[in-house]
Amino acid sequence: MLTPIDGRSVIVTGASKGIGKGIARVFASKGAKVLLAARDLAQAEAAAAEIGGEASAVAADVSSEEDCARMARTALERHGGIDVVCCNAGIFPAARLGTMTAADWDQVLDINLKGTFLTVNACLAALKARGKGRIIVTSSITGPITGYPGWSHYAASKAGQLGFVRTAAIELAPHNITVNAVLPGNLLTEGVEALGAGYIASMTSAIPLRRLGSVEDVAYAALFLASDEAGFISGQTIVVDGGQVLPESHLAL
Ligand code: NAP
């Protein structure tokens with residue numbers, strides 16, 4: 001049994017659906033005050049209303065420094081501080097090399113990687129003021145461990161997040177702030193459902209546990225990293241993928 005996190009102030013970016021909403025739901029169910037951020041305010045508000053408890057929403061595009069500052073201010077105003085920041089917002093449009101444009105590349109890197117930095121930067125003063133804090137980044141197996149055609153920009157952004165995590169962990173350790181990442185495999189989110197039945201079937205057959213993950217599978221890993229008990233873990237990763245990265249070939253399955 002972990003020390004309860006009730007009353008803690010938690011920001012989750014990209015929380016109007018998918019993994020972010022799952023993280024927000026699990027943290028709120030444990031009594032945390034959760035601020036759900038996404039670009040579409042109506043969708044974020046609907047998610048917060050569905051979650052209930054002390055969940056509320058704010059409109060924020062994590063690739064905008066201004067929006068991230070407003071998001072952090074909103075958490076301070078509503079919750080009186082910030083204890084946990086979940087940098088989860090991300091996009092995964094596909095484009096193969098040869099057709100990928102510089103604009104495609106920039107959009108993915110701006111949201112997934114720069115957005116992680118901007119989110120942390122905006123929340124830093126408030127985290128330091130608490131005397132302890134938790135930063136949890138949603139990376140991916142794609143990039144840090146595996147590759148997938150069409151996602152060279154995405155993979156670069158997700159691997160880049162881990163470089164950020166490792167150095168941020170060192171820089172923020174004197175403030176008793178830990179920085180870690182969860183690396184989801186394939187989860188059944190709205191974003192992945194949009195990739196189609198063929199994608200989902202091929203991924204299911206590549207996963208030793210023979211199912212796509214649920215958002216709760218990732219949310220509970222994030223909850224552990226946010227706990228007091230995980231206070232000596234920093235700069236690390238937890239892979240949540242049903243064993244997908246393990247097989248040396250399809251014969252292993
Ligand atoms: P999703 O279902 O498409 O949801 C994405 C969320 O991020 C939405 O709430 C979206 O809301 C928000 N978002 C997108 N761009 C944003 C921006 N610029 N600023 C703020 N919020 C933004 O995605 P998901 O599958 O849950 O993925 C969430 C994270 O997990 C991503 O970082 C993704 O790379 C990672 N991941 C997912 C999987 C998977 O299998 N699903 C696997 C590995 C890693 P708005 O559009 O309204 O902003």
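The basis for the numbers below is simple: all heavy atoms, side chains too, and nothing from hydrogens, waters or symmetry mates. FYI, the numbering just counts along the sequence from 1. Counting starts at 1 for both ligands and their atoms, in listed order.
With hydrogens and angles ignored, the 3.5 Å screen pairs a side-chain donor or acceptor of E229 with a backbone N or O of T3. Judged by distance alone, with hydrogens and angles left aside, the side-chain atoms of T74 form a donor-acceptor pair with the main-chain N or O of R70 at under 3.5 Å. Remark: side-chain polar atoms of R96 are not paired, donor with acceptor, to backbone N or O of P149 under 3.5 angstrom. When atom types are taken as modelled, the side chain of N180 and the backbone of Q236 share a donor-acceptor pair closer than 3.5 angstrom.
Considering backbone and side-chain N/O of S63, none are found under 3.5 Å from N/O of ligand 1. Below 3.5 Å of separation, one finds an N or O of I19 facing an N or O of ligand 1. Of the N or O atoms in D40, one or more lie within a sub-3.5 Å distance of an N or O in ligand 1. Considering backbone and side-chain N/O of A38, none are found under 3.5 Å from N/O of ligand 1. Between N186 and ligand 1, not a single N/O pair is under 3.5 Å apart. By the 3.5 Å distance cut-off applied to N or O atoms, A37 is not counted among the residues near ligand 1.
Annotation: side-chain hydrogen bond (donor to acceptor under 3.5 Å, both in side chains) contacts involving residues 153-165, sequence neighbours excluded, comprise N112-S157, T116-Q161, K158-Q161.
By the criterion of a heavy-atom distance under 4.0 Å, both the backbone and the side chain of V62 are placed next to ligand 1. Under 4.0 angstrom from ligand 1, the non-hydrogen atoms of K158 all belong to its side chain. No part of A44 comes within 4.0 Å of ligand 1, judged by heavy-atom distances. Only side-chain heavy atoms of V192 come within less than 4.0 Å of ligand 1; its backbone N, CA, C and O stay farther off. Looking at L212 against ligand 1, nothing comes within 4.0 Å, counting heavy atoms. Residue-level proximity to ligand 1 for T189 is carried by the side chain, the only part with a heavy atom below 4.0 angstrom.
At a 4.0 Å cut-off, not a single heavy atom of A47 sits close enough to ligand 1 to count as contact. By the 4.0 Å heavy-atom criterion, A194 is excluded from the residues contacting ligand 1. Contact annotation: A15 has at least one heavy atom less than 4.0 Å from an atom of ligand 1. Using a 4.0 angstrom heavy-atom cutoff, N88 counts as in contact with ligand 1.
The protein non-hydrogen atom at the shortest distance from atom 46 (O) of ligand 1 is R39 NH2, 2.9 Å. In terms of protein heavy-atom proximity, atom 6 (C) of ligand 1 is nearest to G14 O, 3.5 Å. Nearest protein heavy-atom neighbour of atom 23 (O) of ligand 1: F92 CE2, 3.7 Å. Protein heavy atom closest to atom 8 (C) of ligand 1, with residue, atom name and distance, is S16 OG, 3.5 Å. Counting only heavy atoms of the protein, atom 2 (O) of ligand 1 lies nearest to G191 N, 3.3 Å. Looking from atom 18 (N) of ligand 1 to the surrounding protein, the closest heavy atom is D61 OD1, 2.9 Å. If you check which protein heavy atom lies closest to atom 40 (O) of ligand 1, you get L187 N, 2.8 Å. Looking only at heavy atoms of the protein, atom 21 (N) of ligand 1 is closest to A89 CB, 3.5 Å.
When R78, E45, H79 are each tested for a side chain to side chain donor-acceptor pair (under 3.5 Å) with S56, only one passes: R78.
Considering only heavy atoms from C-beta on, D83 stays 4.5 Å or farther from R134 through its side chain. In this structure, the side chains of T138 and P184 come closer than 4.5 Å at one or more pairs of heavy atoms. Between I19 and I23, some side-chain heavy-atom pair lies under the 4.5 Å cut-off.
Heavy atoms of other residues, nucleotides or ligands lying less than 6.0 angstrom from CD of E65 number 12 at most.
Those atoms of ligand 1 with a heavy atom of Y154 less than 4.0 angstrom away are 33 (C), 34 (O), 35 (C), 36 (N), 43 (C), 44 (C). Which parts of ligand 1 touch I91 is read off a 4.0 Å heavy-atom cut-off, strictly below it: atoms 14 (C), 15 (N). Residue contact check: A60 has heavy atoms under 4.0 Å from atoms 19 (N), 20 (C) of ligand 1. Distances below 4.0 Å separate heavy atoms of T138 from the following atoms of ligand 1: 29 (C), 30 (O), 32 (O), 35 (C).
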**Request:** With salt bridge (charged side-chain N to carboxylate O under 4.0 Å, His left out) as the test, would you mind laying out the steps for E50 and K21 before giving the verdict?
**Result:** CA-CA 10 Å; E50 185 191 315; K21 185 174 165 187; 3.0 Å; yes

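A salt bridge between R8 and D228 is present, with a side-chain N of the basic residue lying under 4.0 Å from a carboxylate O of the acidic one. Using a cut-off of 4.0 Å between Lys/Arg side-chain N and Asp/Glu carboxylate O, E216 and R25 are scored as salt-bridged. Salt bridge annotation for D61-R39: absent, with no cationic side-chain nitrogen under 4.0 angstrom from a carboxylate oxygen. One finds a salt bridge joining R211 and D217 here, because a Lys/Arg side-chain nitrogen approaches an Asp/Glu carboxylate oxygen to under 4.0 Å.
The two residues A75 and I11 come nearest to each other via the heavy atoms CB-CD1, 3.7 Å.
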